[in-house]
Amino acid sequence: MASFDCVVRNGTVVTASDTVACDIGIVDGVVVALGRDLPAGRREIDASGRLVLPGGVDTHTHIEEPAKGPARNADSFDTASASAAAGGTTTVICFARQPRGGTLADKVAAYHELAKASRVDYSFHLILTDPTPELLERELPPLVEAGHRSLKIFLTYEGAKVTDAEALRVLAAARRLGALVCVHAEHNDLIEFYRDALLAAGLTAPKYHGWVKPMVVERECTHRIIAMAEALDTPIQVFHVSGAESAEEVARGQARGLKVWAETCPQYLTLTTADMDRPGFEGAKFIFSPAARTTADQEALWAAIRAGVIGNVSSDHAPSRYEGPDGKKAHGEDAPFTKVPNGLPGLATRLPVLFSEGVSKGRIDLQTFVAITATNPAKLFGLHPRKGTIAVGADADLTIWDPEKEVTITNSLLHHGSDYTPYEGMAVKGWPVTTLVRGTVVCDGGEIATAPGGGRFLARDPYPLIAPRGVFPGPFNPVDGVPA
Ligand code: DUC
Ligand code: ZN
Ligand code: ZN
């Protein structure tokens with residue numbers, strides 16, 4: 001009788017700490033053995049000449065979220081999870097959003113229903129747009145207790161943004177409840193001042209999206225939210241750090257010993273302001289926030305990754321279609337940049353683009369690649385060691401990777417609901433060939449191998465990494481109203 005449900009044989013297993021040639025034995029979706037010459041499994045997968053990586057953990061994905069006006073998120077959980085699987089990602093964290101002036105609990109329940117179509121495992125961040133005492137004191141505690149252990153706030157975007165006073169209340173609530181706060185940090189009033197001036201000057205083409213939010217907009221706000229988090233001794237993650245100056249703010253906070261973490265995204269490592277200036281309306285495909293920056297910023301971000309300042313590279317997958325009445329052209333081909341929905345598809349391309357630009361081009365090593373795409377995000381969001389590594393006892397979420405395979409990215413490879421990829425025509429070296437979620441092959445040779453569904457919700461228990469330090473900058477603890 002076979003000892004294992006499945007054996008992945010003859011591969012080179014890579015984790016954030018080691019590279020080892022060994023087989024992987026799987027029973028009931030869990031890794032139960034790592035070793036040479038394991039006995040036969042009911043299913044055998046030959047990984048000769050391949051790397052076997054922990055399945056990617058993408059902790060910033062907008063899936064089937066309601067959008068503004070005629071615009072629509074181009075993915076369902078069916079298509080988004082297909083693109084995750086095709087790109088070697090086996091866990092996503094996406095967003096259940098409180099409607100402004102509305103309740104969150106109903107939205108969370110409805111989002112759980114939608115997510116049942118996911119092929120990959122998933123967890124939710126809770127977006128707070130209206131942090132009233134009722135929300136923070138009554139609605140939120142049971143939701144966090146049920147495993148939604150991260151909150152997101154926006155400091156910009158009409159309809160989503162919170163004031164500094166509200167942000168402080170969210171930070172205080174998160175500290176009490178044991179949740180991590182993730183922050184979209186851009187200075188709203190400054191953006192609006194720039195916006196009004198640009199529109200008044202008749203500067204409306206897609207490239208002016210870059211002008212409306214220069215680096216100072218993000219740098220100031222990154223500094224501000226870190227200061228607020230420091231004052232309340234509340235751990236935070238800064239989302240989508242786009243360039244050198246914000247990374248420097250994060251590094252300064254970390255050097256002071258603060259629990260401040262940061263992510264960046266492949267688009268900030270590969271795209272620049274020039275992409276928003278492509279001919280015609282093409283630049284709209286590259287409208288996302290914060291905006292793409294310079295090649296010097298890209299090098300600074302790689303350096304921040306190597307230094308450990310930025311420990312997580314997520315996709316910020318936020319797909320719109322380009323064509324059609326609900327996508328980038330929803331307001332026409334001459335629409336001002338202010339009317340173009342923000343975001344781009346990136347779930348499927350996150351790992352290949354990062355591997356190619358990072359590992360294949362020698363900017364980072366394999367261990368760093370695994371750390372920033374799987375292990376660190378799993379740790380930061382309370383999913384490790386079940387997710388984010390290959391170890392006995394971990395879920396058998398695996399990506400079998402061909403490090404030599406050369407692929408020209410084209411949209412039809414990606415399985416998402418968008419009709420474009422910002423990386424169309426990009427040549428990459430290194431590609432996922434087979435993806436397993438808890439021992440089940442979900443994508444093989446670019447073909448999706450399972451029907452929608454099968455993914456599981458990952459409730460996240462309290463975990464020590466995001467416990468407050470117990471250190472305040474003054475003699476008073478303003479969260480609990482007692483001496484520090
Ligand atoms: N920026 C965000 O903050 N969220 C989704 C899309 C985007 O570009
Ligand atoms: Zn954001
Ligand atoms: Zn986002």
Side-chain angles (χ1 to χ4, degrees), residues 58-69 71-75 80 92-98 111 123-129 150-162 167 170 180-188 191 206 209-210 212-213 217-218 221-222 225 236-243 246 250 261-271 273 275-276 283-293 310 312-322 326-328 330 337-347 349-350 377 381 416-418 420-422:
D58 192 340
T59 54
H60 187 164
T61 64
H62 300 270
I63 300 173
E64 220 167 329
E65 248 181 71
K68 222 163 105 186
R72 193 178 60 86
N73 184 302
D75 266 327
V92 295
I93 308 187
C94 42
F95 298 90
R97 180 183 186 128
Q98 178 200 20
Y111 207 53
S123 197
F124 301 161
H125 306 295
L126 305 178
I127 297 180
L128 308 185
T129 62
S150 43
L151 313 176
K152 167 154 189 206
I153 52 173
F154 289 92
L155 296 175
T156 186
Y157 288 140
E158 204 47 58
K161 69 173 191 290
V162 297
V170 171
L180 181 65
V181 179
C182 300
V183 185
H184 179 121
E186 291 187 293
H187 189 312
N188 186 67
I191 292 172
H209 177 73
V212 84
K213 43 184 67 193
V217 160
E218 182 187 328
C221 200
T222 302
I225 192 66
I236 59 167
Q237 190 196 45
V238 182
F239 267 166
H240 39 51
V241 168
S242 72
S246 300
V250 171
W261 293 275
E263 61 159 34
T264 188
C265 314
Q267 51 270 36
Y268 300 112
L269 296 163
T270 54
L271 305 175
T273 50
D275 289 298
M276 287 175 277
K285 292 179 177 175
F286 303 88
I287 287 188
F288 51 83
S289 290
R293 311 236 178 252
I310 292 177
N312 181 3
V313 179
S314 74
S315 65
D316 196 5
H317 178 78
S320 302
R321 288 175 59 80
Y322 181 56
D326 55 10
K328 296 278 188 184
F337 66 87
T338 49
K339 296 277 190 194
V340 177
N342 268 241
L344 39 62
L347 244 171
T349 45
R350 179 181 72 119
F381 289 98
H416 55 215
S418 183
Y420 82 97
T421 167

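Atoms within each ligand, like the ligands themselves, are counted from 1 in listed order.
Side chain of His125 to main chain of Thr59: a donor-acceptor pair is present (N/O by atom type, distance under 3.5 Å, no hydrogens or angles). Ser418 contributes a side-chain N or O that, together with a main-chain N or O of Ser320, makes up a donor-acceptor pair within less than 3.5 Å.
Residue Pro290 comes nearest to Glu186 through the heavy atom pair CA-OE2, 3.5 Å, listed as atom of the first residue, atom of the second, then distance.
Around ligand 1, the residues contributing at least one heavy atom under 4.0 Å from the ligand are His62, Tyr157, His184, His240, Phe288, Ser289, Asp316, Ala318, Asn342, Gly343.
Side-chain atoms of His60 and Asn312 form no donor-acceptor pair, as typed in the model, at a separation below 3.5 Å. No hydrogens or angles considered: nothing links the side chains of His62 and Asp75 as a donor-acceptor pair under 3.5 Å. For the residue pair Ser314 and Asp58, no side-chain donor N or O sits within less than 3.5 Å of a side-chain acceptor on the partner.
Summarising the geometry, atom OG belonging to Ser150 is positioned 13.5 Å from atom CD1 belonging to Ile236; distances are rounded to the nearest 0.5 Å.
Relative to the six-membered ring of Phe239, Lys152 misses at least one condition, a distance below 6.0 Å or an angle of at most 45° to the axis.
Closer than 2.8 Å to the Zn ion (ligand 2) sit the protein N, O or S atoms His184 ND1, His240 NE2.
Annotation: Tyr420 is not in aromatic contact with Phe286 [ring centroid separation under 6.0 Å not met].
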